[in-house]
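In what follows, a structure is listed as structure tokens, so that the remarks can point back to it.
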Amino acid sequence: MNDSNNNDGLLGSLKRLTNTFIAIVHTRLELLSTDLEEGRERLISLLAMTFVALFCLCFGMVLLAILVVVLFWDTHRLLVLSLLTGLFIVTGGVIGALAIRALKSMPRMFEASLAELVKDHQETNKD
């Protein structure tokens with residue numbers, strides 16, 4: 001009879017351990033899913049705003065360049081074209097460098113999930 005209680009206790013402990021493990025995995029997968037969804041939404045929003053801004057800025061710059069060239073058509077059209085070309089190239093280079101810096105400083109993907117897994121690992125090692 002004592003063996004039966006030990007088996008039930010061992011089997012019960014194993015079931016509780018399995019249930020705890022499944023709950024931990026489930027929680028981590030939910031957190032991972034949330035991280036993915038937030039990252040995807042941020043990326044889509046950022047891309048949409050970037051494309052609209054680039055389109056408007058490019059169209060506006062082209063119209064401004066045409067206006068300035070037309071204003072100076074009779075006197076300094078080559079100088080104005082050269083200055084506007086240089087301005088566009090320099091501006092594009094600076095904005096490109098800023099965009100690359102912003103991409104490099106973005107938070108790591110799954111940062112919250114990884115932090116929770118590290119915390120779980122530390123808790124496991126304490127016991």
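Values below: every heavy atom of this structure, side chains too, minus hydrogens, waters and symmetry copies.
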Drop me the distance from Leu11's CG to Ser13's OG, to the nearest 0.5 angstrom.
9.0 Å
The reported gap from CD1 in Ile24 to CG in Asn19 (rounded to nearest 0.5 angstrom) is 11.0 Å
How far does CG of Leu10 sit from CG of Leu17, to the nearest 0.5 angstrom?
10.5 Å
Side-chain donor-acceptor contact under 3.5 Å, Arg42 with Ser45:
no
Could you tell me which non-hydrogen atom of Thr50 sits nearest to which non-hydrogen atom of Leu46, and how far apart they are?
OG1-O, 2.6 Å
Which distance, rounded to the nearest 0.5 Å, do you find between the CG of Leu36 and the CG of Leu31?
10.0 Å
Connected to Phe59, directly or through other members, by ILVMFWY side-chain contacts below 4.5 Å are Leu63
Sub-3.5 Å donor-acceptor pair from the side chain of Ser33 to the main-chain atoms of Leu29, do we have one?
no
Let me see the working for Arg40 and Glu37 under side-chain contact (heavy atoms from CB on, under 4.5 Å), right down to the final yes or no.
CA-CA 5 Å; Arg40 180 180 52 104; Glu37 188 175 327; 3.8 Å; yes
Return a table of donor-acceptor pairs under 3.5 angstrom between the side chains of residues 66-95 and protein atoms on other chains or two or more places apart.
residue, atom, partner, partner atom, Å
Arg77, NH1, Trp73, O, 3.0
Ser82, OG, Leu78, O, 2.8
Thr85, OG1, Leu81, O, 2.8
Thr91, OG1, Leu87, O, 2.7

